[in-house]
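Let me begin by presenting the structure, written as C-alpha cells, before commenting on it.
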Amino acid sequence: MREILHLISAIITLVGSLVILVAMIGTVRLPDVFCRAHALGKGLTLGLVLLLTGLWIDLGSEAAGLRIPAAIFFQFLTLPVASHLGASLSFQKRLPRYGDPKIDEDTRSECHRKDSVKP
Amino acid sequence: MKIDDTIILRTIVSFLFYLINVFSLYLLVRGHNLPGGGFIGGLGCALSIILLSLAVGVESAQRTLRADPVRIAIVGLLCSLVSATLPVLVGAPFLNNYNVKLENVPLVGDLPIGTPLLFDIGVFLVVVGVTTKLIFVLARSLSGLTALEPSEWRRYAARLEGPIEERGARLDEVPLEMPIAEEPKEEPHP
Amino acid sequence: MATLLIIAIFAPFLWLPATALAGRWLGPKTGRVALVAPLISTALLGWLALDASAGGHHVVEIPWIPSLGLNLTFLVDGLSLFFGLVVAGMGVLVVFYASSYLDDHYKHHGRFYAYLLFFMGAMLGTVLAGNLLLLFVFWELTGIASFLLIGFLHGNEASRNGARMALLVTGATGLVMLAGIVIVGQQLGTYELAALLSGNLSPATSSAAMTAAFVLIAVGAMGKSAQFPFHFWLPNAMAAPTPISAYLHSATMVKLGIFLIARIFPLFREVELWTPFLVTIGFGTMAFAALLALLSHDLKAILAYSTVTTLGMLIGFYGLAPATGAQGDFLHIASHVFFKGALFMTAGIIDHATGTRDIRALGGLRKRLPFLAVIVTICAASMAGIPGTLGFVSKEYMLKAQVIFLESGGTLAWCALGLAVLAMTLKVAFSARIIGHVFGGKPKAETFAHFHAPATAMLIPPALLALLSIIFGLRPQWLGDLLAPLTVTGLHAHEMLSYKPFPDHWALEVGLSLGIFAAGGLLYFALGRERWARVEIPGWLRVDHAFAAAVEMLPKAAKSLTATLRSDSPFDYLAIVMTFVVVLTGTFVATQPSLWPAFPKASEFDPLRTYVVGLIAIAGVLVLAMRRWTAQLIAMSIVGFLITFYFVLFKAPDLAMTQILVEAATLVLVLLLLARFPQTAEAGEHDARGGRPRAIFRIVVATGMGLLATLITVLALRPKHPDFAGSYYLANTVELAHGTNAVNTLLVDFRGFDTLFEISVLVIATLGAVGLLMRYRRSRAEYKAGSMALPGYSHGVRFEKTAKPGDDCV
Amino acid sequence: MNTNIVVLPLIMPMITAIVLLLAGHTSRWRRWFTGISALAQLVVAIGFITATYQLPPLFLAVGGWAAPYGIILVIDHLTAIMLTLGAITALAATVFGFVEMPVKRTHPLRSPLIQFLVTGINLSFCTGDLFNLFVGFEVMLISSYALLTLEADDWDIKEAFPYLALNLFGSTLFLVAAGFAYGIFGSLNFAQIAALGPSLAGDSRVTLLGLLLLVVFGLKAGLFPLYYWLPNSYPILPGPVAALYAGMLTKVGVYVLLRVFGQVLPTDLTLVHQCLAWMAGITMIVGVLGAVSRNFIRGILSFHILSQIGYMALAIGFFTEYAFTAAILYIIHHIVVKATLFLIGDTVAVLNRTDNLDHTGGLWKATPVLGVVFLLQALSLAGIPPLSGFWGKYMIIVEGVRLGEWVLVSLALIAGVLTLFSMMKIWMAAFWRNAEEGEGVHFQDGRWKPMTGVTVVLAVLSLAIGLGAEVTYKIAAEAARQLTDRSAYIDLLLGGGASS
Amino acid sequence: MIVATLLGFFRLVRGPTVIDRIMSFDSVVLCAVGLIVLLSRSWETPVFLELILIVSSLGFFGTVALVSYLKRTLPEQNEEDEIDEKGEPRK
Amino acid sequence: MIWETAILVGLLFGIACYLILRASFVRILFGFMLLTHAANLLVLAMSGDPTGKEPPIVLKEGAPLVDPLPQALVLTAIVIGFGVISYLVILLYRILLDQRTTNLRDLFDETREEREEGEP
Amino acid sequence: MNSFVLNLVIAVTWLLLQVKASFPGFVVGFLIGFGLIRLFPGVLDSRDYTRRTIALAQFVLIFSKQFVTACVQLLRIILFVRTKHLRPRVITYNIAGLSRFESLLLSHCITLTPGSSAVGISEDLDTLILHVLDTNNPDALRDEIDRTLKRGILAITRRPPSSCKFRFTS
Ligand code: NA
Ligand code: NA
C-alpha cells in the first residue's frame with residue numbers, strides 16, 4: 001500500500017513538475033503579456049496543485065493535516081487573481097498586445113452599446 | 001464603459017482577510033512546538049490588513065482595525081513585559097517560564113498555556129501594530145490625506161508642528177510672546 | 001604652625017565670596033573689605049618668617065588624593081616664605097592702591113577683588129606647595145586668575161585677546177611642565193618636594209629622562225616668566241587695569257618662573273644642560289627685551305619689557321650659579337619688586353591723571369605731579385642701577401656673579417656678560433627716557449585738557465616702595481640681614497654675602513657699571529625727543545603679531561583640515577568608513593598567511609545550494625544593472641524570496657517564514673515610497689556623477705567588503721567551536737522549555753530577553769516614524785543665519801537687540 | 001549574587017515609557033511621573049554603586065537559564081558607575097527639558113523616547129552576552145534615530161540621513177562580528193568567551209574579530225576615521241536631548257571597548273590595542289581641530305566629544321589596569337561635564353536667541369552665575385587642575401610616559417591646549433564680548449533662570465568629582481580592578497555561583 | 001523544475017514591460033514553492049508546509065502590491081502597439 | 001565548510017556596499033536591504049553544514065538537528081532590520097517632502113538652492 | 001443555511017466521538033451528516049440544500065474537467081503551436097443579469113478554463129472583457145462558457161424555476 005501510494009505520488013509530482021516546466025517555457029515563448037498571463041494563471045496553478053497533491057499523498061494526512069488542501073485551495077483562489085491583475089493592468093495601460101487589435105464584442109448581448117466598448 | 005479593475009481583487013481579498021487571520025492565529029498558538037510564533041503570526045495578521053488596505057483603500061482598512069495600531073503595539077509590549085515580570089512576583093527569575101499544559105487541543109496538539117504564550121501574544125500584537133502603522137501612514141500620505149489623523153496629532157506631535165504634507169503658510173508667522181505661560185491664541189494646525 | 005599656614009594660604013579663597021558679594025553694595029569701596037585677606041596672610045606669613053631659621057624647613061601635610069600621590073603638602077622654608085611674603089605684602093599694597101584706582105568709572109568691583117584674592121590664594125599655594133603636583137595645580141590656577149584679571153575690561157577686544165594670549169601661553173607651557181613633573185615622579189618615585197630636595201632618594205634610572213624633565217619643567221617656567229620665545233604675552237597683558245599689572249606682571253606671577261627654577265635648583269643643578277640652557281635663554285631674553293623696551297612708547301609696555309629683561313637676568317643668574325649654591329638672589333628679586341611695582345603704580349597714576357600712557361604724548365608732568373616725579377625718579381634710578389639705590393647694589397652683585405662665572409663658563413660666560421652689559425646699557429637709556437620724557441620737557445596742552453589730580457592715597461604704596469628702594473639702597477646689609485634667616489639648604493651657598501651700598505675697591509664689574517652709565521646716557525641724549533618719537537619695534541621682532549596671526553589662522557587651518565577629512569561631505573562618509581574597514585582588515589589578513597583559505601574543491605559545493613546562489617547572484621547583479629526603480633525592486637524582491645528559499649535549504653522554517661513575511665511588508669513600504677518619488681528623478685539617477693574614478697573606487701571598496709565577508713564566513717567555521725551553545729538548546733527544549741521548536745523556545749524562553757527588546761525596537765521605530773510625520777518649519781533666512789533651532793521657540797522670534805543701554809561700559 | 005534586582009535599570013525606564021505613551025498627550029502629571037521615575041532610577045543606580053563596591057558583581061540569569069546558555073545580566077562596579085552616570089544625565093536632560101519648555105508645547109514623544117534610549121543604554125551596560133549587546137545597541141540606536149528626527153525641522157532633517165546610514169552600517173558589522181564570535185567560540189556569553197580565550201591563544205581569527213569589533217565599537221564611540229556620524233548630527237538636537245546624547249551615546253561605545261577588550265577578548269591582542277591607541281591619538285587632534293573650525297556652540301561641543309573620546313580610548317589602548325582606571329575616571333568626568341556644557345550652550349542660545357558665536361555676547365555681565373558654571377566646565381574639559389577633567393588626563397599622561405608613548409602623550413597635551421583655545425573662543429564670544437556686538441540679551445525670556453539652576457547643580461557635581469578625586473579615583477580603581485580580574489568574573493558566572 | 005526557475009529569470013532580465021517582470025517574480029516565487037514541495041518530499045518533513053502556504057499567499061501579495069503601485073505610477077501607452085511574434089514592435 | 005554560503009554572503013556584501021556608496025536614495029535603500037540579508041546569511045552560516053540534518057524541531061528522537069541558535073539570532077536580526085529599514089523608508093519620505101530630492105549628493109549640495117531658485 | 005449548520009454540527013459531533021481529532025474524521029462526519037440530511041429531507045426542509053450541494057459537486061467536476069482541458073490545451077499551444085499561427089484576441093462577454101458574486105465566480109473560473117482569461121469587468125458589472133489565447137471564433141467560446149460554467153454556477157446559486165415548480169407539484 002505504502003509503496004503504491006509512494007509511486008502514485010511520485011508520478012503526480014513528476015507530472016506537476018513537467019507542467020510547471022512547460023508553463024515556464026510558455027512565459028518565455030508566448031508573445032505578449034496577456035498570453036503569458038494564461039501560462040501563469042493556468043499552467044502554474046495546475047503544476048503546483050499536482051505537486052501539492054503528490055506531497056499530501058506522500059506525507060499522509062496524519063503529518064500534513066489540513067494544510068495541503070488549504071494550500072491547494074489557496075492556489076485556486078489567488079493565482080488566477082494574480083494573473084488577472086497583471087492582464088488587467090496591461091490592458092488598462094494599453095501595453096502592446098499581439099494579435100488582432102480590435103475587440104470582438106458580444107454580438108448576442110441585448111444590452112450591447114457600441115460606444116461603450118472602446119474604453 | 002469604465003473598467004472596474006479592483007472588484008475581483010476586493011472580493012477575493014475580503015475573503016482572504018479572514019482566512020489569513022485565522023491562519024496567523026493558528027501560527028501564533030502552535031509556534032512553541034512547530035514553526036510559527038508571535039512574529040510570524042503577527043506579520044501574517046498585519047499583512048492581511050495591509051492587503052485589505054491595498055484592495056479597499058487605507059481609510060476603510062483603518063476603520064476595520066478601529067484602534068490606533070501604535071496603541072496595539074504598546075499594549076503588546078506591555079503584555080510581553082508583564083509576562084516577563086510575573087515570575088518575579090513568585091520569586092522566580094525574570095522571564096522564567098510558567099506553564100499549564102492543555103493536552104490534545106484539536107488541530108493544535110499539546111498547548112502549553114503560560115507566560116511564554118502570553119509573551120508570544122505580546123510579540124504578536126507589537127508586530128501587528130507596528131507593521132500596520134508603518135504602512136498606514138505612508139498609504140494615507142499617498143492618498144492625499146495627512147499621514148497622521150488629526151485626532152492623533154496631539155498624541156504624536158508637538159503643538160507647533162504641522163503635517164509634513166502641508167505646504168501652506170509657515171508656522172513661523174505665528175506670533176509668540178516670551179516667556180510663554182499660556183497657550184497661543186491661534187492653533188497653528190489648520 | 002600648620003593651622004596658621006593653612007589659614008594664611010586659604011584666607012584669600014575663603015574671603016573671596018564675601019568680597020564678591022560685597023561688591024554689589026559697596027561698589028568702589030569693596031577694596032577695603034578685600035584688604036582683610038592679604039593683611040591676614042601677610043601677618044601670618046610674617047609671623048612664620050620671624051620663626052624661620054636659616055636652612056630649616058617645615059612640612060605641613062593634609063591628605064587630599066593620596067591615591068594619585070597628591071596631598072595638600074606645604075613646604076615652609078626660606079624660599080617659600082620669601083615669595084609668600086612678597087605675594088602677600090604686595091597684595092596688601094596693590095589692594096590698597098586699587099581701592100583708590102578703581103573709582104566710580106569702573107563697574108563690577110566685587111568681581112575685581114574676587115579675582116585678585118583668587119589670584120593671591122593661588123600664588124600663595126604655588127609658592128608654598130610642598131608637592132610638585134600640588135604646585136602644578138596652583139600654578140595653573142594662577143594662570144586662570146590672571147586670565148580673568150587681564151580680561152577684566154573685556155569690553156575691549158585688546159583685553160580679551162591679551163587675556164587669551166596669556167592663558168594659552170602659560171597654559172600650554174604649564175602642560176609641558178606637567179609632562180616634566182610626571183617624569184620626575186616616575187624617575188624618583190615621589191612628588192613630595194621635601195623628599196626630592198633632600199637628595200636622599202635613590203638616583204634616577206635615566207639621566208636622559210632627568211634632562212628631559214628639566215627641560216620640560218624649565219619650559220613651564222619660561223612661559224610663566226615670559227622668557228623668549230614666550231615673552232610676547234606680557235606686554236599684551238598690559239590691557240589689564242594697572243593695579244593688576246603692578247601685582248601680576250611685575251611683582252608676583254611672572255616671578256613664578258624664577259621661583260620654580262630656584263625650587264628645582266637642588267634637583268636639577270647636576271643636569272649638564274642646566275647652565276647652558278638657562279644662561280642662554282636668560283641673558284638672551286634680557287638683551288632682547290631691553291631692546292624692545294627701548295623701542296616702545298607705551299609706558300606700561302616699556303615697563304613690561306623691562307620686567308622681561310629683569311626676569312631674563314634672574315633666570316640667567318640661576319643658570320650660572322655654581323652647584324654649591326646661589327648668593328644674593330632674594331636681593332635681586334626684592335630690588336625688582338620694589339622699583340617695578342612702584343613704577344607700574346605710578347604709570348597707573350599717570351594714566352589715571354592724563355588719560356594716556358603714550359610717552360610721546362606726555363611731558364612736563366613734574367610741575368603738576370612733583371611728588372610723583374620724585375617717586376618715579378627714584379624707582380627709575382633703581383631700575384637703571386644708579387648708585388644709592390637698591391638697583392645699583394643688585395646690579396653690582398649681578399655683574400660680580402657673571403665675572404666669577406667667566407672663570408668657568410668659557411665662551412658662554414663671555415657672551416652672557418656681553419648680553420647683560422648691552423641690556424643694562426639699554427636699561428639706563430629707557431630709564432632716563434621715562435624720567436626725561438614724562439616729567440621733563442614742556443607740558444603738552446592736549447594731554448592736560450582733562451587732567452585731574454590723583455587721590456593722595458594712591459601715592460602711598462609707590463612711595464613706600466620707592467622709600468624701600470632708597471633705604472635698602474643705602475643700607476643693603478639691612479636687607480641682607482632680614483633675608484638671612486630665609487637661606488635655603490641646597491639652593492644657597494653656605495657663606496653669606498655682606499652687601500655694601502657702594503663698591504669699596506676697583507673691580508671689573510665697577511668698570512662695566514661706569515661704562516654702562518656712560519653708554520646708556522649717551523644713547524638717551526643721542527636720540528633726542530623727536531628722534532625717539534619715530535622709532536618703532538620692527539615688524540619681524542613682533543612675535544605677538546605672529547602669534548595673533550597664528551590664532552587667527554588656526555580656525556581657518558582647522559577648517560581646511562576638516563574639509564580635507566570630508567567632515568562636511570556626507571556623501572563620502574560611508575566610503576571613508578568602508579575604506580578604513582577594508583584597509584585595516586585587509587592589511588591584517590595580508591600579513592597573516594594562516595588566515596588565507598585554501599581554494600575550495602568542486603566537491604565541496606552542494607549542487608542545489610550552488611544553483612540557488614547562482615540565481616541570487618543573477619538577481620543581485622540585476623539590482624545593480626537595472627535602470628528603473630521598479631525593475632530593481634522586483635529583482636530585490638526576488639533576491640529576498642530566494643534567500644527565503646536558501647533558509648529552507650538551511651533547514652530553517654521559522655526563519656524562512658519570517659523572512660518572507662518581512663520581505664512582503666518591506667516591499668509594500670518601499671513601493672509606497674517609490675510611488676511618491678518623482679519620475680523625473682529616475683532619469684537623473686543615471687547621470688555618471690563622480691565619473692569613472694569614483695566608480696572604480698566604489699567597485700574596489702565593495703569588492704574588498706565582499707571578500708572580507710566571505711573570508712569571515714569561511715574562517716568562523718574553520719573549525720566551528722566544538723562545544724557550541726546550540727546543542728544545549730536542542731537537548732533541553734522539550735524537557736525544560738516545554739516546546740519542541742527549539743527556535744521558538746530560544747526566542748521566547750532561553751533568549752526571550754533578546755526578543756523583549758527586539759519588539760521594543762519595533763515599537764520605537766514606529767514612534768520614530770510617527771515622529772517624522774509632523775514637523776516644525778523654519779524659514780530659509782533663519783536657516784542660513786544658523787539661528788538656533790529651539791523647537792517651538794526660535795520660530796517666529798525676530799532678532800531684536802534688548803540689552804539695556806549702558807550695560808557694557810565699564 | 002543572582003538577583004532579580006539587576007533587571008530594574010532596564011524595566012524602570014521601559015515601564016515609564018509605556019505608561020507615558022499610554023497616557024497620550026502632555027500634561028503636568030506626566031511630567032511629575034517622568035521626573036520621579038528618573039529620580040528613582042538614579043537612586044537605584046547609586047544603590048548599585050554601593051552594592052558592588054569591593055563586593056562581587058550582582059547578576060541575573062534571565063529566565064533561570066544559567067550561563068553560558070542563557071542571557072546573563074551583570075552589574076559590576078563599572079556597570080553601576082555607568083548606570084549612575086546615565087541616570088544623572090537623563091534626569092538632568094529631563095528636568096532641563098521641563099524648564100525649557102512649557103507643558104503644552106512639549107513634544108509628547110520626547111520623554112518616552114528618552115526613556116527608551118535609557119533602556120537601550122542600560123541594556124548595553126548590563127548585558128553579559130554579545131548578541132544581547134547587539135540588541136541593546138539597536139534599542140539605543142533606534143531610539144537615538146527617533147529622537148534625532150523627532151523635533152528636527154525641515155532643514156535639519158537631512159543631517160539625520162548620514163547618522164542613520166553610518167550607524168546602520170556599523171550595526172551590520174556588529175552582527176557579522178557577533179556571528180563570527182559564535183563561530184569561533186561557540187558561545188556568545190562574555191564569561192564563556194573570556195574563559196575560552198587562553199585556549200585560542202595565537203589564533204589570528206581572534207585578532208581579526210578584535211579588529212572588526214574595534215571598528216564596530218570605534219564607530220559607536222566616534223573614533224577617527226569612523227566619527228563622521230556625530231559632529232553634524234548632534235547640533236540638530238534640542239538642547240537637553242543633545243546633552244543626553246553627548247553625555248551617554250559615545251560613552252556607551254567607550255564602555256563597550258573597555259568591557260569587551262578589557263574583560264572578554266583575550267589580552268594578547270596587542271595589535272588591536274595599538275590600533276586603538278593610535279586611532280585615539282589622531283581622534284584627539286582631529287576632534288579638537290574640528291571644534292576649532294566651528295563657529296557655533298553646539299558644533300564646537302560636538303567636535304569636542306570626539307577629542308575627549310580620544311583620551312578615553314587612548315587609555316584603553318594602553319591596556320593596563322591603571323590606564324583603565326584613568327579611562328573610567330575620564331568617563332565619569334566627561335559625561336557630567338559634557339552634558340552640562342550642552343545645557344549651558346542651550347541656555348546661551350535662549351538668552352542670545354542663537355548660539356552662533358558671531359551673534360552672541362554680553363552674558364558675563366548679565367549672568368555671572370552661568371559664566372562661572374561655564375568656566376568651571378570649560379576649564380574642566382580643558383584639563384585644568386584641580387577640576388574633574390584633570391585627573392583622568394593626568395593619569396593618562398602618567399601611563400603614556402611610563403610606557404614611553406611620547407608621540408601619543410604629546411598629542412594629548414596639544415589637544416589639551418587646543419581644547420582650552422576653543423573653549424576660550426566660546427567664552428570670549430558669548431560671555432566677554434559686549435552684548436551690542438551680538439544680538440543682545442533677552443532677559444525677559446525668564447526660562448534662563450531655572451535652566452541655569454540645572455547647570456549649577458551639575459557644575460557642583462562636577463566640581464565635587466574633581467575636588468573629591470580621592471573618592472572618584474577609588475571608585476574608578478575598584479571598577480578597573482573588577483574589570484581586569486577575569487578569573488573572578490568567570491568563576492562567578494560559570495562556576496557554581498550561577499546555577500539556578 | 002530548476003530549469004523552470006531559470007526560465008522565470010529570463011523574463012525578469014528581458015522584460016520588456018514591467019508587468020512581465022512582475023509575472024516573472026510571481027513565477028519565480030511559485031517555482032520556489034514547487035522546489036520547497038519537492039524538498040519536503042525528499043526530506044519527508046512536514047515542517048515547511050506553513051511556509052508553502054505563506055509563500056504562495058505572499059506571491060499573490062507581492063503581485064497585488066506591485067500592481068497597485070504601477071497603477072499609480074506607470075504611464076499609459078499612447079497606443080496599443082502591434083507587435084510581432086517575437087514580441088518586438090511591428091513597424 | 002560552506003563555500004557556497006560564503007561566496008553568497010560575499011557577493012551580497014559586495015553588491016550592497018556598491019549600492020550604498022551611490023548617491024541615489026533608492027539605491028542606498030536597496031543596498032541596506034541587501035546588506036541586512038547578507039549579514040543575516042552570514043550569521044545563519046554559523047549553524048554549519050545542514051546537509052543530512054533535520055530542522056531544529058524535536059519531532060523524533062536521535063536525529064541530528066541543525067544548530068538552532070544562529071536561527072534564533074537571525075530571526076531577531078531580521079525583525080530588528082525590518083524596524084530599522086522601515087524607519088529609513090519613512091525618513092527618506094520625509095526628506096523627499098522637505099528637501100525635494102532623491103539624491104544624497106543633491107541633498108548636501110550647497111549650490112542646489114541657488115540653482116533651484118534660478119529656475120522659474 | 002440551517003441545513004449547512006446542521007451538517008457541520010453532525011460532523012463536529014462525529015469528531016468528538018473519535019479518540020483523536022483529525023481531518024479525515026471530520027470529512028467522514030460531514031459525509032455521514034450529508035447522508036442523513038439527504039435521507040430525511042423533510043425534517044428540516046433541506047431539499048434545496050442537498051440539491052445545491054449536489055450541483056456544487058457537479059460543478060466542481062465540470063470545472064475540473066475544464067481546468068485540466070485548459071491546461072492541456074495551454075501546454076499544447078506552448079509546446080507545439082508556432083507563435084505566428086497563434087490567434088490571440090480580446091473579446092467581451094455579457095454578464096448582465098448575474099449577481100455580483102456570480103459574475104466574480106464566473107470570471108475567476110473563466111481565467112482557469114480553456115483559452116480565456118479575464119482582463120476586466122465593467123463598472124456596472126454587465127460586461128466581462130476576456131483575453132483569448134487562440135481562437136478564430138469568439139462566439140463559439142461564448143457558447144461554451146454559457147453551456148458549462150455559467151450554467152453550473154447558476155445551478156448552485158439560484159433556485160431554477162423548474163425546481164420550484166417541481167416542489168409545488170410534488
Ligand atoms: Na516631529
Ligand atoms: Na556622545
Side-chain angles (χ1 to χ4, degrees), chain C residues 570-571 574-575 578 600 604-605 609-610 613 616-617 620 623-624 629 632 636 643 650-653 655 658-659 662 666 669 673 677 681 685 689 698 702-703 705-707 709-710 713-714 716-717 720 724-726 729-730 733-734 740-743 746-747 751 754 758 761-762 765 768-769 772, chain F residues 1 3-15 17-18 20-21 23-24 26 30 33 37-38 42 44-48 50-51 53-59 65-69 71-72 74-76 78-80 82-87 89-94 96 102 104-105 108:
Chain C
F571 184 58
L574 271 167
M578 273 185 209
E604 288 182 58
F605 289 92
R609 273 205 295 270
T610 314
V613 169
I616 297 180
V623 177
L624 283 183
W629 291 338
Q632 280 183 319
M636 274 295 304
I643 285 176
F650 258 97
K651 315 281 169 71
L655 217 50
T658 315
Q659 169 73 26
V662 163
T666 316
L669 267 175
L673 176 71
F677 272 34
E685 307 259 298
R689 298 272 188 100
R698 271 199 294 265
T703 314
M705 287 299 297
L707 287 176
T710 306
T713 319
V714 172
L717 297 171
K720 184 179 172 181
F724 56 92
Y729 307 115
L730 289 175
T733 173
V734 180
T740 52
N741 183 355
V743 175
L746 263 167
L747 283 176
R751 294 186 69 96
D754 279 344
E758 165 198 355
V761 168
L762 285 184
L772 274 169
Chain F
M1 210 177 294
W3 269 98
E4 310 87 68
T5 319
I7 289 170
L8 176 59
V9 167
L11 197 75
L12 287 180
F13 243 96
I15 295 174
C17 289
Y18 183 82
I20 289 171
L21 291 177
S24 152
V26 181
F30 288 169
M33 288 162 70
H37 288 323
L42 191 146
L44 184 65
M46 296 305 137
S47 54
T51 316
K53 290 183 185 159
E54 297 274 313
I57 296 167
V58 187
L59 294 179
L65 306 180
V66 293
D67 185 353
L69 184 60
Q71 295 194 9
V74 172
L75 214 152
T76 307
I78 289 177
V79 176
I80 288 177
F82 171 63
V84 178
I85 294 281
S86 317
Y87 177 82
V89 166
I90 300 211
L91 176 66
L92 290 179
Y93 182 66
R94 163 82 183 266
L96 172 72
T102 60
L104 185 57
R105 209 185 268 254
F108 289 96

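Any value given below was found using the heavy atoms of this structure, including those in side chains, with hydrogens, waters and symmetry copies removed. Throughout, a chain's letter reflects where its sequence line sits, starting with A, and its residues are numbered from 1.
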So, the part of C:Met705 with a heavy atom under 4.5 Å from chain F: the answer is both
When the 4.5 angstrom heavy-atom criterion is applied to C:Thr733 and chain F, the contacting part is side chain
Of C:Ile616, C:Thr710, C:Thr610, the one forming a side chain to side chain contact (heavy atoms under 4.5 Å, CB included) with F:Leu8 is C:Ile616
- Query: Hey, does F:Thr76 have a side-chain heavy atom less than 4.5 Å from the side chain of C:Arg751?
  - Reply: no
Between the CG atom in F:Leu42 and the NE2 atom in F:His37, the distance rounded to the nearest 0.5 Å is 14.5 Å
Distance col, row F:Leu11:CG vs C:Leu707:CG, nearest 0.5 angstrom, shows 10.5 Å
Greatest number of non-hydrogen atom pairs under 4.5 angstrom with chain C, of F:Ser47, F:Ala72, F:Pro68, F:Gly83, falls to F:Pro68
CD1 of F:Ile90 to OH of F:Tyr87, rounded to nearest 0.5 Å, is 9.5 Å
When every non-hydrogen atom of F:Ala45 is compared with those of F:Thr5, the smallest separation belongs to CB-CG2, 3.7 Å
Most contact-rich option vs chain C, by heavy-atom pairs under 4.5 angstrom, among F:Ala38, F:Pro56, F:Gly48, F:Ser86, is F:Pro56
If one checks every heavy atom of C:Leu772 against chain F at 4.5 Å, the contacting part turns out to be both
Honestly, the part of C:Val743 sitting under 4.5 Å from a heavy atom of chain F is both
Whatever's closer than 4.5 Å to a heavy atom in chain C on F:Ile85 counts as side chain
Open item on the list: Is it the case that the side chain of C:Lys651 and the backbone of F:Val66 share a donor-acceptor pair, with hydrogens and angles ignored and the cut-off at 3.5 Å?
Closed with: no
Rounding to 0.5 Å, atoms CE (C:Met636) and CD (C:Gln632) come to a distance of 9.5 Å
Looking only at F:Val74, F:Leu91, F:Leu44, the option with the highest number of non-hydrogen pairs under 4.5 Å against chain C is F:Leu44
Pair count under 4.5 Å, heavy atoms only, with chain F: among C:Leu574, C:Leu730, C:Ile643, C:Leu669, highest is C:Leu730
To the nearest 0.5 Å, atom CG of C:Asp754 lies from atom CG of C:Leu746 at 9.5 Å
One option among C:Val623, C:Asn741, C:Val761, C:Thr703 has the most heavy-atom pairs under 4.5 Å with chain F, and it is C:Asn741
Greatest number of non-hydrogen atom pairs under 4.5 angstrom with chain C, of F:Leu69, F:Leu104, F:Val84, falls to F:Leu69
Looking only at C:Ala575, C:Ala765, C:Ala709, the option with the highest number of non-hydrogen pairs under 4.5 Å against chain F is C:Ala709
Whatever's closer than 4.5 Å to a heavy atom in chain F on C:Phe724 counts as side chain
